[in-house]
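As structure tokens, the structure follows; a few thoughts come after it.
We name chains A, B, ... by the order of the sequence lines, and we start the count at 1 in each one. Hydrogens, waters and symmetry mates are skipped; everything else that's a heavy atom, side chains included, is used.
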Amino acid sequence: MSLVLPGEQVPAQHVNLKLGPGLLQLSTVNGQAAIVSTRAGEVKHSANGKKWWIEGNSRRYVPAPQESVIGVVVARSGENWRVDIGSAHMATLDGLAFEGATKRNRPNLKVGSLLYARVSLAHKDMEPELECFDAQTRKAEGFGELKGGFLVSCSLKMCRLLLDPQHFLFPLLGSRFPLETAVGINGRVWINCKEPRQTIAVARCIEAVDPDGGGLDEIALKKFFGTLDV
Amino acid sequence: MRDVTIIYEGLDRVDGSARFGFGSTKSLSSVSGPIEVRPTLENPAQATLDIQIRPLAAIAGTDSKALATILKSIFAPSLFLSHHPRTLIQIVGQALCGTDSGSGLGSVGRGWNASLTASLVNATTAAFVNAGSVPMKGVVCAVSVGRLQSEDARATLILDPEEAELSRLAGSGCFAFLFSAVLPASPLSSADVPPCSLLWTNYTTAAPFDVAELSSARELAEKGARQVWQKMKESVAWLENSSASSVKVKVKVKTEDEEPAGGMDVDVDDEKVEI
């Protein structure tokens, strides 16, 4: 539970050390290598001390490979689609990067459609690229166009909490009414419910539990949910 | 030194924002980045820093432009700009107080005094810490040092002069330090605060000063900057109470790892690893 500011040294040591987000190995003035944090957050590590990272919160998404994101189609450039995933650059999605797509049989996307896609290429010098199928099985596995529903923005830490199967929010909401969700790690959550008031209730609960705007825990959220008329 | 207040604003539509105050001398800063950049400002090797400063009242004049250049020279060495080429990091800073000396009121007044400049630098640092999306080499902390008018040759230096004392000062300046673990340790450094180095200063006096006075002003400022660093460290406690108690690190055994399936090892799923 140790909080660090950027620029502080982190005591990470292992034979096969793997540094995750927020940590960099820099050399100090006397030539030694030091593991230094580059963002504010909690220092976390795996049980065997091999993987270390900084757990913090932010609102701006920086793409990394193999992450599932929700994107909005903004333009078409030839065979490809330009998709906004909330990063500094627009992402490119090949028109054939779907399960079972051929030149004759292509998914019919429009400008403004929502997609659940996987970042296949993310390099700091290039534009990110997306694919709408799983890397190993080459099948859709939930990726593709999201029809209908409602898009909610949240902080990046909230998305990671929602992706945790042990988090309390979605089971709690799911026990009250049926809902369909897709969580993108770029700070976007897609909700699909039968009634608009249910959608609004889910959106407000996500905002309430978000560490940025409320940070309610389970008991407080149950009370808050009771005040919503759903 | 006056009471330091740090408030993480949570402004809409920006990625990070913070308010910093030395007593009643306050400023607000917001940071957005890395975001899309206009092709004219694009740099293929690193991120572009775009800084805008606004006074409390009136429009931004020459002193705002000067402050923007100063902030750029302070923050460019303290961020890892090469990690995000062809992007923009936008900083907007604003004074939250117009003082008796007329500072914070644009070119109409006498420009920004040293305390206000220091609070602006600290507010920008806090906004970067709040944003979390731009990698930082270290934390920049700034304080102001004033020199009292005196008849004898030796000058009396005070740390963080108050608004009421500003009229009695014969000189003042803001000192900005970068606190990072990669810097060499100085004799003054302690175990819990990383070593620091001076990034920028604008120490100016009415009567001439010598190198000895500048170095003693610098030492005094370094002590004050350390206190500011510790206050910033305390203020980051908001990261702790973020529903972390109900979520533990995921206990998921990855098949491609060398740990056996029956082990109690705690591994993190790739989804949670955010670059």
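- To the nearest 0.5 Å, the span separating OG on Ser82(B) from NZ on Lys124(A) amounts to 5.5 Å.
- The candidate from Gln32(A), His89(A), Gln9(A) with the greatest count of non-hydrogen atom pairs under 4.5 Å with chain B is His89(A).
- With a 4.5 angstrom heavy-atom cutoff, Leu183(B) touches chain A only via backbone atoms.
- For Val14(B), the part lying under 4.5 angstrom from a heavy atom of chain A is the backbone only.
- Residue Asp3(B) places its CG atom among 12 or fewer non-hydrogen atoms of other residues, nucleotides or ligands, all under 6.0 Å distant.
- Counting only heavy atoms from C-beta outward, the side chains of Val29(A) and Val182(B) never approach each other to under 4.5 Å.
- Taking CZ from Arg59(A) and OG from Ser32(B), the interatomic distance works out to 10.0 Å, rounded to the nearest 0.5 Å.
- Side-chain contact between Leu26(A) and Phe80(B) is present, with at least one heavy-atom pair separated by less than 4.5 Å.
- Ranked by heavy-atom pairs under 4.5 Å with chain A, the first of Pro85(B), Pro184(B), Pro135(B), Ser133(B) is Pro85(B).
- Residues Pro34(B) and Val62(A) have side chains in contact (heavy-atom distance under 4.5 Å, counting atoms from C-beta outward).
- Neither the backbone nor the side chain of Ser153(A) has a heavy atom closer than 4.5 Å to any heavy atom of chain B.
- Counting all heavy atoms, side chain and backbone alike, Ser58(A) lies closest to Gly132(B) at CB-C, 4.0 Å.
- If you measure heavy-atom distances from Lys137(B) to chain A, the contacts under 4.5 Å come from the backbone alone.
- In terms of non-hydrogen atom pairs under 4.5 Å with chain A, the most contact-rich of Met232(B), His83(B), Glu36(B), Arg86(B) is Arg86(B).
- Interface residue Met90(A): only side-chain heavy atoms are found under 4.5 Å from chain B.
- Arg39(A) contributes atom CZ, which lies 13.0 Å from atom CG of Asn130(B) (distance to the nearest 0.5 angstrom).
- Inter-residue side-chain proximity for Pro6(A) and Val129(B) is flagged as met; some heavy-atom pair is nearer than 4.5 Å.
- At a threshold of 4.5 Å between non-hydrogen side-chain atoms, the residues Leu5(A) and Phe179(B) do not count as touching.
- Using a 4.5 Å cut-off between heavy atoms, Ser27(A) contacts chain B through its backbone alone, with no side-chain atom that close.
- A donor-acceptor contact shorter than 3.5 Å is absent between the side chain of His84(B) and the backbone of Asp125(A).
- More than 12 heavy atoms of other residues, nucleotides or ligands shown are found within 6.0 angstrom of CZ on Arg2(B).
- With a threshold of 4.5 angstrom between heavy atoms, Leu24(A) approaches chain B through side-chain atoms but not through N, CA, C or O.
- Contact count versus chain A (heavy atoms, under 4.5 Å) is highest, among Leu178(B), Val139(B), Leu88(B), Thr87(B), for Val139(B).
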